[in-house]
Amino acid sequence: MRRDDIDQVYALEERIFPTPWTRKSYEFELEHNPSSEQWIIEVWAEQNEWLIVAYSVCWQLGDELHVANIAVAPKFRRRGLGRRLLHHVLARAAEKGMKSATLEVRSGNLAAQALYAHFGFEVVGRRKRYYSNNREDALLMQLTHLDQQTLSFEQFRRAEQA
Ligand SMILES: CC(C)(COP(=O)(O)OP(=O)(O)OC[C@H]1O[C@@H](n2cnc3c(N)ncnc32)[C@H](O)[C@@H]1OP(=O)(O)O)[C@@H](O)C(=O)NCCC(=O)NCCS
């Protein structure tokens with residue numbers, strides 16, 4: 001993600017999340033947070049321009065990766081983009097020697113939970129009434145032994161390219 005991408009990312013963020021990150025928080029992630037890595041997936045659209053259809057923000061916290069945000073544009077869901085993006089950030093983290101990954105997800109967000117379960121994330125905790133808009137609980141999910149997953153990520157990559 002580059003600074004020029006923030007307009008599109010922020011437009012998606014506002015559409016997708018009931019409590020969206022602010023534009024300033026994206027500027028902070030890009031320019032002032034050394035632990036942060038941000039990725040986008042973009043497609044060449046009919047209007048002859050690059051269109052951002054998925055994005056993620058992750059933080060490296062010691063040897064743990066925290067997936068702070070991940071989203072796919074509504075029209076582009078169920079085509080494997082969420083899986084591809086998550087695979088990318090986990091594989092990079094494993095390559096860098098990180099050992100585990102964590103994230104929080106709304107207890108009612110079954111789509112995201114299913115995506116995370118594909119990669120071996122498990123529920124390890126619950127933060128009661130975590131989300132301010134509807135006091136929904138957050139599930140804390142963790143993927144342990146991230147380093148040992150490298151092989152299966154490689155297999156995933158080969159399967160994707162086949
Ligand atoms: C969660 C999200 C990122 C998934 O992205 P996606 O590109 O649609 O996901 P994929 O097509 O890669 O799907 C991968 C797997 O996730 C699961 N999944 C994705 N969407 C699902 C849905 N609506 N219902 C049930 N399972 C779903 C499936 O297991 C799927 O595998 P399958 O297609 O082989 O069944 C997307 O729904 C999204 O952006 N949601 C809103 C933002 C959000 O909730 N972000 C997560 C915050 S914690």
Side-chain angles (χ1 to χ4, degrees), residues 1 5-26 28-30 33 35-45 50-61 64-94 98 100-144 146 149 152-162:
M1 197 185 292
D5 298 325
I6 292 182
D7 281 349
Q8 281 195 59
V9 169
Y10 184 64
L12 281 173
E13 174 82 17
E14 276 200 303
R15 270 178 69 200
I16 292 172
F17 291 104
T19 50
W21 286 18
T22 61
R23 175 185 288 273
K24 276 211 173 314
S25 58
Y26 278 98
F28 173 78
E29 293 299 322
L30 260 76
N33 185 354
S35 319
S36 177
E37 259 200 6
Q38 321 81 32
W39 292 95
I40 56 167
I41 296 179
E42 54 187 359
V43 297
W44 188 243
W50 288 104
L51 184 67
I52 295 176
V53 295
Y55 61 93
S56 69
V57 178
C58 295
W59 299 323
Q60 178 169 357
L61 308 171
E64 175 184 306
L65 181 78
H66 186 76
V67 183
N69 207 355
I70 181 164
V72 174
K75 273 194 199 159
F76 288 82
R77 289 185 190 158
R78 296 314 293 263
R79 303 184 192 188
L81 293 179
R83 193 197 303 256
R84 184 172 285 238
L85 190 52
L86 187 57
H87 171 260
H88 178 74
V89 299
L90 293 175
R92 258 182 82 81
M98 284 184 244
S100 64
T102 57
L103 54 84
E104 280 123 17
V105 59
R106 285 178 186 263
S107 57
N109 190 348
L110 302 182
Q113 288 167 39
L115 169 66
Y116 303 142
H118 269 290
F119 288 89
F121 279 88
E122 293 175 345
V123 176
V124 293
R126 178 181 283 262
R127 302 195 204 284
K128 288 271 181 199
R129 296 181 286 284
Y130 182 77
Y131 294 99
S132 56
N133 70 312
N134 63 353
R135 300 170 65 81
E136 189 173 352
D137 291 355
L139 301 182
L140 179 61
M141 297 186 79
Q142 186 176 35
L143 171 61
T144 50
L146 182 56
Q149 302 274 335
S152 53
F153 293 147
E154 276 310 311
Q155 286 164 345
F156 179 97
R157 202 186 312 241
R158 281 201 294 274
E160 285 272 290
Q161 287 165 354

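As the structure lists them, so they are numbered: ligands from 1, and atoms in each ligand from 1.
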If you scan protein heavy atoms around atom 45 (N) of ligand 1, the nearest is Ile70 O, 2.8 Å
Using heavy-atom distances only, which candidate in Arg84, His118, Arg78 approaches atom 35 (O) of ligand 1 most closely? Arg78
Within the 4.0 Å heavy-atom cut-off, what Arg79 brings close to ligand 1 is backbone
For Ala114, the atoms of ligand 1 under 4.0 Å from one of its heavy atoms are 17 (C), 26 (N), 29 (O)
State the atoms of ligand 1, each with its element, that fall below the 4.0 Å cut-off from a heavy-atom position in Phe17. 42 (C), 43 (C), 45 (N)
Between Gly82 and ligand 1, is there a nitrogen or oxygen pair with a distance under 3.5 Å? yes
Is the closest basic N to carboxylate O distance between Asp137 and Arg106 below 4.0 Å? no
Have a look at Arg83, His87, Met141 and point out the one with the heavy atom closest to atom 32 (P) of ligand 1. Arg83
So, for Ser36 and Val57, which heavy atoms are closest and what is the spacing to 0.1 Å? OG-CG1, 3.7 Å
Quick one: look up the protein heavy atom nearest atom 48 (S) of ligand 1 and list residue, atom name and how far away it is. Tyr116 OH, 3.1 Å
Tell me the closest heavy-atom pair linking Ala101 and Phe121, and the distance in Å. O-CE2, 3.6 Å
Lys/Arg N to Asp/Glu carboxylate O, Glu37 vs Arg92, below 4.0 Å: yes
Would you please determine whether Leu110 falls within less than 4.0 Å of ligand 1 on a heavy-atom basis? no
Considering Asn69, Val72, Val67, Leu103 one by one, which has a heavy atom nearer to atom 5 (O) of ligand 1 than any of the others? Val72
For ligand 1, is any non-hydrogen atom under 4.0 Å from Asn109's backbone (N, CA, C, O), its side chain (CB onward), both, or neither? side chain
Atom indices of ligand 1, in the order listed, that fall short of 4.0 Å to a heavy atom of Ile16: 41 (C), 42 (C)
Show which atoms of ligand 1 fall inside a sub-4.0 Å distance from at least one heavy-atom site of Gly80. 10 (P), 11 (O), 12 (O)
Hey, which atoms in ligand 1 end up nearer than 4.0 Å to a heavy atom of Ala71? 39 (O)
What atoms of ligand 1 come closer than 4.0 angstrom to any heavy atom of Glu104? 48 (S)
Quick one: look at Phe119 and ligand 1, take heavy-atom pairs under 4.0 Å, and tell me if it's side chain, backbone, both or neither. neither
Thinking salt bridges, do Arg127 and Glu104 make one under a 4.0 Å N-O criterion? yes
Specify the closest pair of heavy atoms between Ile41 and Leu81, including all atoms of both residues, with the distance to one decimal. CD1-O, 3.8 Å
Compare Glu13, Arg77, Arg15 and give the one whose heavy atom is closest to atom 38 (C) of ligand 1. Arg77
Closest approach of any protein heavy atom to atom 2 (C) of ligand 1, naming residue and atom: Leu115 CD2, 4.5 Å
Under 4.0 Å from a heavy atom of Ala112: which atoms of ligand 1 are those, numbered in the order shown and with their elements? 1 (C), 46 (C)
